[in-house]
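Please read the structure below before turning to the comments.
Numbers restart at 1 for each chain; the letters A, B, ... are given by sequence-line order, proteins then strands. If you're wondering where the values come from, they're calculated on a predicted model, not measured in any experiment.
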Protein chains: 4
Amino acid sequence: MRTKDDEKKEALFQATIKLVNDIGFVASSVSKIAKEAGVSPATLYVYYKNKEDLLVSTYIDIKLDLSQAILADMDDSLPIRDILENVWHSIFSYVSNNLEYYKFMEQFANSPYSALVDRQAVEQYFVPLTNVMQRGIEQKIIKPVDRHILAAFLFHPVSYLANPRLCQEFELTETDIETAFTMAWDAIKL
Amino acid sequence: MRTKDDEKKEALFQATIKLVNDIGFVASSVSKIAKEAGVSPATLYVYYKNKEDLLVSTYIDIKLDLSQAILADMDDSLPIRDILENVWHSIFSYVSNNLEYYKFMEQFANSPYSALVDRQAVEQYFVPLTNVMQRGIEQKIIKPVDRHILAAFLFHPVSYLANPRLCQEFELTETDIETAFTMAWDAIKL
Amino acid sequence: MRTKDDEKKEALFQATIKLVNDIGFVASSVSKIAKEAGVSPATLYVYYKNKEDLLVSTYIDIKLDLSQAILADMDDSLPIRDILENVWHSIFSYVSNNLEYYKFMEQFANSPYSALVDRQAVEQYFVPLTNVMQRGIEQKIIKPVDRHILAAFLFHPVSYLANPRLCQEFELTETDIETAFTMAWDAIKL
Amino acid sequence: MRTKDDEKKEALFQATIKLVNDIGFVASSVSKIAKEAGVSPATLYVYYKNKEDLLVSTYIDIKLDLSQAILADMDDSLPIRDILENVWHSIFSYVSNNLEYYKFMEQFANSPYSALVDRQAVEQYFVPLTNVMQRGIEQKIIKPVDRHILAAFLFHPVSYLANPRLCQEFELTETDIETAFTMAWDAIKL
DNA sequence: GATGAATGAGTGTTCATTCAT
DNA sequence: CATGAATGAACACTCATTCAT
C-alpha cells in the first residue's frame, strides 16, 4: 500500500494558514485549501476528520509551537521583571518570524471554531508562565489582580501592535517594542 | 416623523445586528437577515448596494454612535487623567448597555469585511479624543509614544476584558474596572 | 415579482416519478431530477423544503389520487362482492393507466423514506374501503381475520401481478384479471 | 477446514447482510462493509469484482440457501395440499429463524441491483416446487392459471405478512399463519 | 418601491474504485 | 494476498444576487 505522506499533511497545514490569512476564515473552503495544498478535497479527509478538525488541529499545533518557543527561553532563576521582558521579546520575535502563524491564531480565536477548542488543555501549555505571574503577586511585585486582567495588559497589547491588519499604517521599531514593554510593566507592577 | 422607508432601513439595521449575534457572521445570510427584518431579500437591495454595503454601513453607524456616546460626556476643562477615566467608563457603560452593538463590532472587525472600511473616516469620529492624548503628551503628562501604542494600553484592554467570549469564566466587578483603569493609566502616564 | 409557476411544480412532480422509475430511488439525485424537470437544482428548493419533502409529497399526492380514483367508482349500495370486484378493477385500471405512478409508489414504499409518511393520514383516504370489509365480516360474508391479512390477499396480489419488474416475462390478459379476482375472493370469502 | 480466504469471504458476506439491515441499502458503502468485515476496502475487490458483484452474489447465495431449506423438507409422496402447507410453514420458519437474510432479500429485491440477477438461474432452484404446482393443475386440484398468478396468492402474501416494516402494528400468531394458508389454498384450489 | 421566483456557483462531505507497496 | 492512501465525481443543499411583475 501507499505510505502516508507527511509532506501532504504539512502541505495542508501550510495551505490552511496561507488561505485563512489571504482570504479570511469564511472564504477558506475545503476545496480551496485542498487545491492550494495540491491534493484532492477527498484526500484532506484522509488526514483530518472534517473541516472543523483541520482548523482546530492547525490552531492547536501553532499554539503548542508558540508555547514551546516562549518557554524554551524562560529562565526561572532571573528576576520576575526580566523573565517577563524575555517573554515579551520572545512573543515579538515569534510573531515577527511567524507572522502567518500569528495571524491565523488571531483569525481563529475570533471565529466560531474557537469555541470547539479544549481551552484548559491549551492553557496547560502556558502554566510555567502563569506560575511566574502568580509568584510575582505573592512577592508583592505584581498587582494582585485576576490573571485575565494581567494578560490584558501584558499580552494583549502585543497582539494589537503586532497585527498589521489593525495597525496598518504604523511600523513598529525595536525601540517601540522596548517602550511598549515598559508601559506593560508599569501597568502590572505594584 | 419617520417615513416608511426609514422604518425598513432601521429594521434591516437591527436585524443584521441581531442575526450576527444570534447565529454568527458566517451564518447570517442575506435572506435570513431580510426575513428577520420582515422584508424581501430583493428589498434589501433597495437600501443597500449589496451584502458588503449592508455590513460595512451597519458597522460604521455603530462606530459613529459609540463615538458620540463617548464624546458627549467629554469635558475638555477637566484634568487629562479625569477625562480619560470618564472615557474609560463611558466605553464600559456603552458596551454594557449595547452589548449587541459591541459584539457585532467585534465580529465585524475580525471579518474580511473590515478591510473595506474607510479607516480614516472612522478615526475622524474620535479626533477630540486623539487631541486629548496629544495634549497630554505636550504637557508631559503622558508618555510621548505613537497614538497606536497608547491605544493598545488604553482601549484595547477594555475590549478584551469586556468580551465575554474571551473571558468566559471570569466576571468583571466594578472594582475590577477601576483597577483596570489605574493599570492603564500607570502604563501611559509619564 | 415573478409569479409561482405551477408548470414548474408539475414538471418536478413528473420528473421525480420518471427518474425514480428509470434509474431507481438511490440514483435519483436532486440535480438529476431538477435537470429532468428543466429547472435549476436551487429552484427545486423553492417548491420543496428538501429532497425528503419532494419524495414524500410526491408519494402522498399519488396515494391521494389513487384513493380518489378507487372511491369515485364505489357504490355502497351494491353487494359486497360486487363492490370489491369494482375496486379490484379500479385498481387494475388505475395501475394500467398510471403505471409510472404505481411503480413510483412501489419503489417509495420499499425505500427508507416510507418511514417518514404519516401512515394514519394516508389510511384515512381508504376508510370507506376498510368499512366495506368490516361490513363483510359483520355480515359473515368475509372471513373474520385481521384487515392486514385480508389486504394481503385482496390488494397485494394485484400489486405483484401488475408489477412488470417482478413479473417481466408474463403479460396479463383481461381474463387473467377476472380469474385473479375470483381467486382473491375465494381466499377471503367465508 | 476452511482456508483463511474463505473466512474473509464469509466475513464480507455476513458484514454485507448486517450492515444492510442495520443502516439500510443506501448507506451501506463499500468501505463500511469492509470495515465491518474487518478487512480493507481494497481486499474486498480481491473477492468480488465490484460492489454490484458483492450484493448480487450475496443475494443469490441467500436465495439458494432458502430454496434448499424449503426443498429439504419437501416430501413428494404427500398429497399436494400437504406439500404446499409444508412449504408454507417452511418459508415462515426460514424467515423467522433468518430474519436478517430475509430482510436483506427484501431490500435487495427493491433495489435497482435486482435487475442484474439472472432470474432464470434463480428460478431453477425452485423447479421442484413449480413441478408440484404443475402436477396439481394436471390433477385438477389447482386452478389452471399461470404460475405467476399462483405465486401471487401462495407466496407473495407470506412475504407481505412476514414483513415487519409493512405490518408494523400487527403481530402474527401461529393461528394467523394457519388461517392465512387456508386462505391461500382457497384461492388456488379448484 | 417592493417583491417572491429563479439561478449559477459554490459549500462540506462521501462514494466506489485504483494505486503503490 | 493484502493493504491504507489517494482521488474524480457525485451528493444534498445554500448562497448572494437578479429578474419580471
Side-chain angles (χ1 to χ4, degrees), chain A residues 1-9 26-34 38-55, chain B residues 3-5 8-9 26-35 37-55, chain C residues 1-9 26-35 38-55, chain D residues 3-5 8-9 26-35 38-55:
Chain A
M1 62 152 195
R2 293 187 196 164
T3 55
K4 210 161 191 165
D5 193 346
D6 272 351
E7 268 180 43
K8 288 227 169 72
K9 185 150 196 178
V26 183
S28 295
S29 70
V30 167
S31 15
K32 285 179 194 157
I33 292 172
V39 302
S40 156
T43 304
L44 192 151
Y45 288 85
V46 173
Y47 294 91
Y48 297 96
K49 226 173 57 199
N50 51 28
K51 190 187 185 184
E52 172 188 318
D53 184 30
L54 166 69
L55 296 171
Chain B
T3 73
K4 190 158 182 239
D5 300 350
K8 287 224 170 79
K9 187 153 191 175
V26 184
S28 296
S29 69
V30 168
S31 352
K32 286 180 193 157
I33 291 171
K35 179 180 257 182
V39 303
S40 158
T43 305
L44 191 149
Y45 287 83
V46 175
Y47 295 93
Y48 297 96
K49 226 173 59 199
N50 50 28
K51 190 187 185 183
E52 172 189 320
D53 184 27
L54 167 68
L55 294 171
Chain C
M1 63 150 197
R2 293 187 196 161
T3 56
K4 208 158 188 168
D5 193 346
D6 272 352
E7 269 179 41
K8 288 226 170 73
K9 184 148 195 179
V26 183
S28 295
S29 70
V30 168
S31 18
K32 286 180 193 156
I33 291 171
K35 180 177 257 183
V39 301
S40 156
T43 304
L44 191 150
Y45 289 85
V46 173
Y47 294 90
Y48 297 96
K49 226 174 54 201
N50 49 31
K51 191 187 184 184
E52 172 188 319
D53 184 29
L54 167 68
L55 295 171
Chain D
T3 73
K4 190 155 182 244
D5 300 350
K8 287 223 171 80
K9 187 152 192 174
V26 184
S28 296
S29 68
V30 168
S31 351
K32 285 180 193 157
I33 292 172
K35 179 181 258 184
V39 302
S40 159
T43 304
L44 191 150
Y45 286 83
V46 174
Y47 295 93
Y48 296 97
K49 226 173 60 199
N50 50 28
K51 191 187 185 182
E52 173 189 317
D53 184 28
L54 166 69
L55 294 171

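K32(B) places its NZ atom 12 Å from the C1' atom of dC13(F), with the value rounded to the nearest Å. Rounded to a whole Å, the CG atom of L54(D) is 10 Å from the P atom of dA16(E). Taking atom NZ of K51(B) as the reference point, atom C1' of dT14(F) lies 11 Å away to the nearest angstrom. Atom CG of D53(B) and atom P of dT17(F) are 10 Å apart (whole Å). Rounded to whole angstrom, the span from the CD1 atom of I33(A) across to the P atom of dG12(E) amounts to 8 Å. Taking atom NZ of K35(B) as the reference point, atom C1' of dC15(F) lies 15 Å away to the nearest angstrom. Regarding L55(A), its CG atom lies at a distance of 12 Å from the C1' atom of dG12(E), rounded to whole Å. If you take CG of N50(A) and P of dT13(E), they are 5 Å apart, rounded to a whole angstrom.
Side-chain proximity of K8(A) to the nucleotides dG4(E), dA16(E), dT7(F) is greatest for dT7(F). Closest to the side chain of Y45(C), from the set dA2(F), dA12(F), dT18(F), is dA12(F). The S31(C) side chain lies nearest to dC11(F) when the options are dT17(F), dA6(E), dC11(F). The side chain of A42(B) lies closest to dC19(F) when the candidates are dG12(E), dT17(F), dC19(F). Side-chain proximity of S40(B) to the nucleotides dG4(E), dC15(E), dT11(E) is greatest for dG4(E).
As judged by a 4.0 angstrom heavy-atom cut-off over every strand, K49(B) is placed among residues making no nucleic acid contact. Using a 4.0 Å heavy-atom criterion, one finds that T43(A) contacts the bases of the nucleic acid, with or without backbone contacts as well. Among the heavy atoms of the strands lying under 4.0 Å from V30(A) is at least one base atom, whether or not backbone atoms are also near.
Residue L44(A) is the one, among P41(C) and L44(A), whose nearest nucleotide of DNA chain F lies closer to the 5' end (criterion: closest heavy atom). Mapped onto DNA chain E by nearest heavy atom, V46(B) and A27(A) fall at different nucleotides, with V46(B) at the one closer to the 5' end. Both S28(A) and V26(D) sit near DNA chain E, but only S28(A) has its closest nucleotide nearer the 5' end.
Side-chain to base pairing of S29(A) with dG12(E): no donor and acceptor N or O lie closer than 3.5 Å to each other.
Note that CG of L54(C) is 9.5 Å distant from NZ of K9(C), once rounded to the nearest 0.5 Å. In this structure, CG on L55(D) lies 8.0 Å from OG on S28(D), to the nearest 0.5 angstrom.
Judged as a side chain to side chain contact (heavy atoms under 4.5 Å, CB included), and not counting sequence neighbours, the contacts of V30(A) are L44(A), Y45(A), K51(A). Looking at residues two or more places apart in sequence or on another chain, you find no side chain to side chain contact (heavy atoms under 4.5 Å, CB included) involving K35(D).
The two atoms that bring Y47(D) and K8(D) nearest to each other are OH-CB, 3.6 Å, heavy atoms only.
Regarding contacts with the backbone of dA5(F), every side-chain N or O of Y47(A) stays at 4.0 angstrom or more from both OP1 and OP2.
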### Task
Give DNA chain F the dot-bracket treatment, 5' to 3': Watson-Crick (N1-N3 with N6-O4 or O6-N4) or G-U (N1-O2, O6-N3) under 3.5 Å, [ ] crossing, | other strand.
.||||||||||||||||||||
